[in-house]
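Structure first, commentary second.
Throughout, protein chains are lettered first and strands after them, A, B, ... in sequence-line order, and every chain is numbered starting at 1. Atoms considered below: every heavy atom in the structure, side chains included; atoms not considered: hydrogens, waters and symmetry mates.
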Amino acid sequence: MSADQKVLSVKDLKTYIYVNNRCNKALDGVSFDVYRGKTLCVVGESGCGKSITASSITQLLPKLSRIESGEIVYHSERGNIRIDQLERNGPEMRALRGAEISMIFQDPMTALNPVYRIGSQISEGLQYHSKNTLAQLKQTSIDLLRQMGIPLAEQRVDDYPHQFSGGMRQRAMIAMAMSCKPKILIADEPTTALDVTIQAQIFELIDELKQRHNTAVILITHDMGVVAELADHVAVMYMGNIVEQGTVDDVLRHPAHPYTEALLKSIPILGKGKQQQITPIQGSTPDPYQRPKGCQFEPRCPYATERCQTFPDSQSISATHDALCWHSEKVLSHA
Amino acid sequence: MTRRPTRLDKKFDLLREKTEQGTLKAPSSNRALNKLASNKLAVLGLAFVTIMILASVFAPLVTQYDPQKVDLRMMLKPPSADHILGTDKIGRDVFARIIYGGQISILVGLGSALGAALIGVSIGAYTGYKGGWWDSTFLRISEVVMSFPQIILVLMLVTILGQSLMNLIIIFTLTGWGSLYRLTRAQMLSLREEEYVQALRAFGLNTFTICFKHILPNALGPIMVNITLSTAMFILQEAGLSFLGLGVPLNIPTWGNILNVAQDLRILQNYWWVWLPSAVTISLFVLAINFVGDGLRDTTDPTMQG
Amino acid sequence: MFVYFTRRLLYLIPMLLGISFLIYLGLELTPGDILSYLLPPEAIADLKPEELIAMREALGLNDPFIVRYLYWLGGILQGDFGYSLASGVPISKLVLERIPATLELSIAALLFSTLFGVILGSISALKRGSLMDNSLTVFGMIGVSIPEFIFGLIALVVFALQLEWLPVGKRLMPGYDSYWDHMPHLVMPAMVLGLIMTAGVMRYTRSSMLDSLNKEFIRTARSKGVPEWRVNFIHGLRVALIPVVVLIGFRLPMLIGGTVIIEQVFQWPGIGDLFVNAVRGQNYPLVMMISFLSVTAVLFASFLIDLLTALLDPRIKLE
């Protein structure tokens, strides 16, 4: 296994949303790479473009939105595929979905079809991506459910979603996503709708599967604890840009963007006791239709200067670490 | 391979260009515009309904003919300058009959709808709010009434009570209150759990006041929509019954009674002006009311947009 | 499933009892001697007045109301529906003769409207905002606004009288009695009755389908890489169908009511025709009994619809 094998690279991706006859630049030039067997965590406040990033990769965008420019390249075994140039629900795109790139969604309560049995929903993708008999499909569903840690999988495979608890449904979703052994697994806040106790189990399961199948994982979350635990790489998003990215160590220990720094300070850390100082980020997220001219974080940024009125260039801190800030040196030394 | 541009792409390009030039209008006006556009039909419908109501109320000003006047020299004459919609089997002016007929047809429709609303809304509001024994009793009664095919129940009551204009309105009211009752009750069931109702109860206001003065006004939107649509339904029913000769007594002109002669295939085929204008009037009038009802629904219920 | 089935069936009993009580009340309150309803005319014809009085006593007509009702109900359960005032023929015989015609008409209309309503509604939802969608919406609005008999009259003028493509009406002509012979007669009444219902089913399918296509599980299905038809129909339409079936159940009374008028327009010899003639002839017992039978039919049909809904929606069985 070569250590740094790219499976997906995204370059200067712009995705705009056109709801209510307005144009929202939801993603305004996003670039990142995803490596085989590694987890990339995408963090940020809600509305920063995390989910749009995920759905751009699988082209599962809302109807009134469009990839404007940039590249999404999937490095498959058959060569590179430009995902952004495929027809949205066309055969080439469908051949990738589920088979090579699969997704887990936020709310397992609504993401499963209520009228079909769990088993048939799990194997539905497999049915289209490989040749299998019905009996084989069912056996695969049972095996998958068992791997996901669902007891009595032989019986539960014939249950309907409403007979499953929230945690079990998310396990079934993961089974569904893993059914074709995809190269990339995108998990869009997979635990937001679940109980806290279940959350850790789900993350553990995702991590275990990643290691077993050498899958690349894109984990979208706003939970910094999860990032510290699971991520190999981190991308911090703010207002449609990745403001900072690098390895976990880079970003969490040596934040080079004021937003990352502020984000880390605003989160209580378990076990540190009551003495720890929590500083909320000042101000609030700007209206996406009335964006600041230059750096998007400028109005809320303690480091802001005249220069921030122009949009910053990406600053390379190290080979693995970039930040989108004119003052990254200052931020680095401050921390 | 590259994607083919679609209809949406063109729209997107335009929006994007406008945004980049900063010429995009404020979005709120756009949404209001959309709503107005969808209500254009409602406005048109309202205009038509108003004109028809005014025309029938002031019928003597609209036509100089007496709708009941028999003129045996003028039997089944096609439309002409004198009789713009011709004359019927016994020489009565068809246009006058339609205008005067509107009086009764609209009276039956509106009267029955209001009667049904009075019964349905008051029972629904009170028992829906109180709950308990009365509530389940009326729920059962409404289930029994509503499981009858309405026309069969109406005809059954017509046989028992006899055929007259007043009886017809009473029968429509008695058979038609169910849906308004159900609607009001459902609204009450959800509204009575609201915080403000708890607060009123804590103030010690009596049930009657809370129910009719404080909760009911909040449920009026859907009730108004339903009354509008019920009016349309009752006009259709009157027409159907009168077509069978079992609605309003045949000597009174109504839109349905005019159509009664169309049971005769000879008239149906050869003398279209006797029945077709009335058929078109009923259909347009009901269509107009339905547009008004839909428009009202859109404005009172933002979730129903689609 | 079985529990649900029995509970729904048991629920019918109090409903039917209540309705039968009202019907009997109506029978007693309507003018005319109830004796001529309870007995065949030849049994009464030769009786002397004192024998009539004895007969009343023997039939329990002097018993308290509730006892008389129970006797009557017992008769109904054994298939004794009494006698028609006009002809003295047993009501059960009159009704049985007419049932096939009405069933034929209403089932044809139901199938037609369900099939076309669902298909057009789905197309409308999938092509939302297109010319197709807008014209179907206008068609739907017109469909629910034109009274069915006017629709019938126009169809009659155009297709039977002007174009002469289809027969004017009537189910059977003398000498033609095979099943296929009366198909041409069935076409127009069934289409007219069906088209009115199609408009409603279509409008409802459209909104239900739009609702279902906006659900999360649609995106899940897409994320598996299955073809679009599967996403739209196997996932979208399948879920959208549940409320549509419920609506069709609610509209069954409308269907039965519709046959009453349509049978008149097309001179179709069904129950509706029998009913209207009974109303015209002030034949109270026949009016009452047909009303009773039609409610019973509606209740049982809605029971079947409930079962169908339970089959379509696995969530129901647990409740």
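Residues B:Phe148 and C:Pro253 come closest through the heavy atom pair O-CB, 4.1 Å. Residues C:Phe275 and B:Ile152 share a closest heavy-atom pair of CZ-O, 3.7 Å. When all heavy atoms of C:Tyr284 and B:Thr159 are compared, the closest pair comes out as CE2-O, 3.3 Å. For the residue pair B:Pro149 and C:Gly257, the shortest heavy atom distance occurs at CB-N, 4.0 Å.
Separating the CD atom in B:Gln269 from the CG atom in C:Leu153 is a distance of 13.0 Å, to the nearest 0.5 Å.
Contact annotation: the side chain of C:Ile150 never approaches that of B:Phe243 to less than 4.5 Å [non-hydrogen atoms, C-beta and beyond]. Within the 4.5 Å cutoff, side-chain heavy atoms of B:Ser147 are placed close to those of C:Met15. At least one side-chain heavy atom of B:Asp294 sits less than 4.5 Å from a side-chain heavy atom of C:Met141. In this structure, C:Val157 and B:Trp272 have side chains that are not in contact, with every pair of non-hydrogen atoms separated by 4.5 Å or more. By the 4.5 Å heavy-atom criterion applied to side chains, B:Trp275 and C:Ile154 are counted as neighbours. No side-chain heavy atom of B:Leu153 sits less than 4.5 Å from a side-chain heavy atom of C:Ser291.
Of the atoms belonging to B:Ala232, not a single heavy atom falls under 4.5 Å from chain C. Interface remark: B:Phe291 contributes backbone and side-chain atoms alike to the contact with chain C (heavy atom separation under 4.5 Å). Contacts between C:Ile146 and chain B at a heavy-atom distance below 4.5 Å involve backbone atoms as well as side-chain atoms. The part of B:Met146 that comes within reach of chain C is its backbone (N, CA, C, O), which places non-hydrogen atoms under 4.5 angstrom from that chain. With a threshold of 4.5 angstrom between heavy atoms, C:Ile23 approaches chain B through side-chain atoms but not through N, CA, C or O. Using a 4.5 Å cut-off between heavy atoms, C:Leu16 does not touch chain B at all. With a 4.5 Å cut-off on non-hydrogen atoms, C:Ile142 touches chain B through its backbone and its side chain both. Heavy atoms closer than 4.5 Å to chain B are found in the side chain of C:Val298, but not in its backbone.
With sequence neighbours excluded, the residues that form a ring pair (Phe, Tyr, Trp, His ring centres under 6.0 Å) with C:Phe303 are C:Phe5.
Below 4.5 Å, heavy atoms of chain C meet heavy atoms from B:Leu259, all part of residues 247-261 of chain B.
Using a distance-only test at 3.5 Å, with no hydrogens or angles considered, a donor-acceptor pair links the side chain of C:Arg280 to the main chain of B:Leu244.
Between chain B and the options C:Ile290, C:Ile261, C:Leu22, C:Thr296, heavy-atom pairs under 4.5 Å are most frequent for C:Ile261. Contact count against chain C (heavy-atom pairs under 4.5 Å) is highest for B:Leu155 among B:Val158, B:Ile141, B:Leu155. Here C:Val279 is the residue among C:Val276, C:Val279, C:Asn283 with the most heavy-atom pairs under 4.5 Å with chain B. Between chain C and the residues B:Arg140, B:Met156, B:Gln237, the most heavy-atom pairs under 4.5 angstrom are made by B:Met156. Considering only heavy-atom pairs separated by less than 4.5 Å from chain C, the leading option among B:Val280, B:Ile282, B:Leu246 is B:Leu246.
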